[in-house]
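Contents: one structure, followed by commentary.
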2 protein chains.
Amino acid sequence: MPTLEDVAKLAGVSGATVSNVLRQRGAASAATIAKVQQVARDLGYRPNLVARALAERRSPTIAVFFTNILNPFYSEFAFAAERAARRREHFLLICNAATPEGSLDTAYLNAVAGRLAEGLIVLGSDLGKQSLLAMLPAGVPVVLSTWEETDMYPTVPCVTVDFHKAGQLAGAHLAELGHRRIGIVAGSEHPEIVGDVAHHARLAGLRKSLAAYDVTVPSPRLQIGSDSIEGGRLATNRLLDLDPTVTAIAATNDLLAIGALQAAAERQIRVPDSLSVIGLTGIWMSAQVRPALTTIDIATASLADGSVNLLLDLIDDPATVPASALRVVGTPALVRRASTGPPAR
Amino acid sequence: MPTLEDVAKLAGVSGATVSNVLRQRGAASAATIAKVQQVARDLGYRPNLVARALAERRSPTIAVFFTNILNPFYSEFAFAAERAARRREHFLLICNAATPEGSLDTAYLNAVAGRLAEGLIVLGSDLGKQSLLAMLPAGVPVVLSTWEETDMYPTVPCVTVDFHKAGQLAGAHLAELGHRRIGIVAGSEHPEIVGDVAHHARLAGLRKSLAAYDVTVPSPRLQIGSDSIEGGRLATNRLLDLDPTVTAIAATNDLLAIGALQAAAERQIRVPDSLSVIGLTGIWMSAQVRPALTTIDIATASLADGSVNLLLDLIDDPATVPASALRVVGTPALVRRASTGPPAR
DNA sequence: CTGTTAGCGCGTTCAT
DNA sequence: ATGAACGCGCTAACAG
């Protein structure tokens, strides 16, 4: 592979000039520009980005830590984040952060702190608090995103959405439709631990809005499952076994809601005629299932976009970033589709 | 951020010794080992991976080019690839290669060739042939994966599966169940172009196996849609409008098949009683939908694993890699689930 | 067992 | 407008 020097020699100029010409800095005579470009093309020269990163003390990559990229929600985030990063001439390193111990992977964090990536976006709820906090003093730019508890780390930049509000919207929608016997299917990252629930804020919001209608959700009507379609299906089956009288189910995310839809289908329960189902987050698939899922949209792509841009702004020049940009909390919105309606009677 | 030199000075040794101690190379007295480690810890030293990469002329990252990470198939590949890479102490750069023009993104390729990643896995069917071929002479290690046409680039290392065989298995399964009026829903990356089909090998295999049973698939029974659930649903609806007599549908991938399932559900057609549906690839979701989808499993995770390991082997030492490892073609397998059965009559 | 020297390939002064 | 020299932080080869 040819280097800068190779080009310089063949073009009869110095390395500095080649650098200037190729990066369009400074000025150079039309003749040398042509010459250098010609030689570079002939040689198939490509700048060594590693060397450049070392010299510039910057790296063209940022990293994003998920719990699980198999979850479509995270895929969508990754997709949007990659596009946003690319628009800013950056690459995206993906890191599945979840380890058996459930904490952020230290090797990964160290690598990032080792300037492999010049910044880091951490998604998820209550993942790896410790290791993450240990990281921050190291001066690595970090942006939290889609964080469930908005105020867990008040000092860390965060782009998220009001999950409490999202839960409220879901609850209010069902209650306003007239539902009173409502079940909840909630997700857990450790379903093997009895009572472990991941989506605290959504749940709290849900319960709060329902309380305004004097609706309570006793324990048999709250079922917890692993964060997947299958988990939602199983949880819903348990719920309906325990209490077949519920007329609506709110799930703390769309995957679980889709599982609920399937459980209903298996039991020949018509949605929304006999059972309403509402999800949360608004993944693409929620629009593609049948019946199409009513859900609370949190604009995942904007969150990804906002996270990447905030991170890169912070890296470019922290001083430029207004304090107000350090804590962005989006507003969720109800998306009415076909899976909810008034109760049968 | 402290550097190697900082540690060296404080520990009263040279940089080389610090490097040796920290990387456990060479030998050092117990005393200096302890000292160096102590100082490194106190300082919160983390090696600068960019500098290391420059010095070693290696980078700890590999890149994978997809067409679309929103497709669960690619997510699953990414998930497995990331794990495999990590086991070999590498990071994964994800690149959504699809551009509006449909070709591989040159900027991305150049970056990789710029040693940002030391190798590259390219997924997909007929994506970016030109740019990719232009890339190869540059000496960048490349592994093709999940490639539809096994022999398109005979000289490029490739880990894939026999898609032709996969198509055959799907067709044979339906035919053996007794189906004779069979529809096909095929995917396209450019559905706006009339007649554009992506999954050639699968289609050919499908047709071939059906021909053995004297089954042909005339044009109205072959519908093409965009590679998504929605695309499958729409294509299936067109197909059933044009010919309501089909008793089975083979889709060229699972997303399309899931769309077919939904189309059937909307039309109150019972699966598999009145209509059988078979998919291809075996994404996780295929097991989670209801009825669970019968499909042809291509062991995506193993493909990802194999691709990463082959690439890394090639990078470590091409001479070590036997020729037989340069072209791995996996064998697909039928997974019988609930969406297929004998025709009603 | 440890230190010295010499790069890795590029960007960046500061002269010229 | 152009070039020489130095530095980025680390590893490798050799010397002691």
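Below, chain A is the first sequence line, B the second, and so on; all start at residue 1.
- Using a cut-off of 4.0 Å between Lys/Arg side-chain N and Asp/Glu carboxylate O, B:Glu56 and B:Arg23 are scored as salt-bridged.
- Applying the side chain to side chain donor-acceptor pair (under 3.5 Å) criterion to B:Ser19, with sequence neighbours excluded, gives no partner residue.
- Residues A:Thr61 and A:Leu116 are not in side-chain contact: their nearest non-hydrogen atoms beyond the backbone lie 4.5 Å or more apart.
- Nucleic acid contact for B:Gly12: sugar-phosphate only, since backbone atoms but no base atoms lie under 4.0 Å from a heavy atom of the residue.
- The side-chain contact (heavy atoms from CB on, under 4.5 Å) check on A:Asn20 picks up A:Arg25, with sequence neighbours excluded.
- Residues B:Lys35 and B:Val13 form no side-chain contact, since every pair of their non-hydrogen atoms from C-beta on lies 4.5 Å or further apart.
- Bracketed by its first and final contacts, the part of DNA chain D lying under 4.0 Å from non-hydrogen atoms of chain A reaches from D:dA1 to D:dG9 in 5' to 3' order.
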Starting at the 5' end of nucleotides 6-16 of chain C, put B wherever the base has a protein heavy atom under 4.0 Å, S where only the sugar-phosphate does, and a dash everywhere else.
-BBBBSB----

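- Using a 4.5 Å cut-off on side-chain heavy atoms (C-beta onward), A:Glu118 and A:His90 make contact.
- Residues that satisfy the salt bridge (charged side-chain N to carboxylate O under 4.0 Å, His left out) test with A:Glu76, not counting sequence neighbours, are absent from this structure.
- Using a cutoff of 4.0 Å between basic side-chain nitrogens and carboxylate oxygens, B:Asp305 and B:Arg83 are not scored as salt-bridged.
- With respect to A:Glu82 and A:Arg86, a salt bridge is recorded, a charged nitrogen being found less than 4.0 Å from a carboxylate O.
- Rounded to 10 degrees, the angle separating the terminal axes of the helix from C:dC1-D:dG16 to C:dT16-D:dA1 is 40°, with each axis obtained from five end pairs.
- Summarising the geometry, atom CG belonging to B:Leu312 is positioned 8.0 Å from atom CD1 belonging to B:Ile121; distances are rounded to the nearest 0.5 Å.
- At C:dC1, none of the side-chain N or O atoms of B:Thr32 fall inside 4.0 Å of OP1 or OP2 (strictly under the cut-off).
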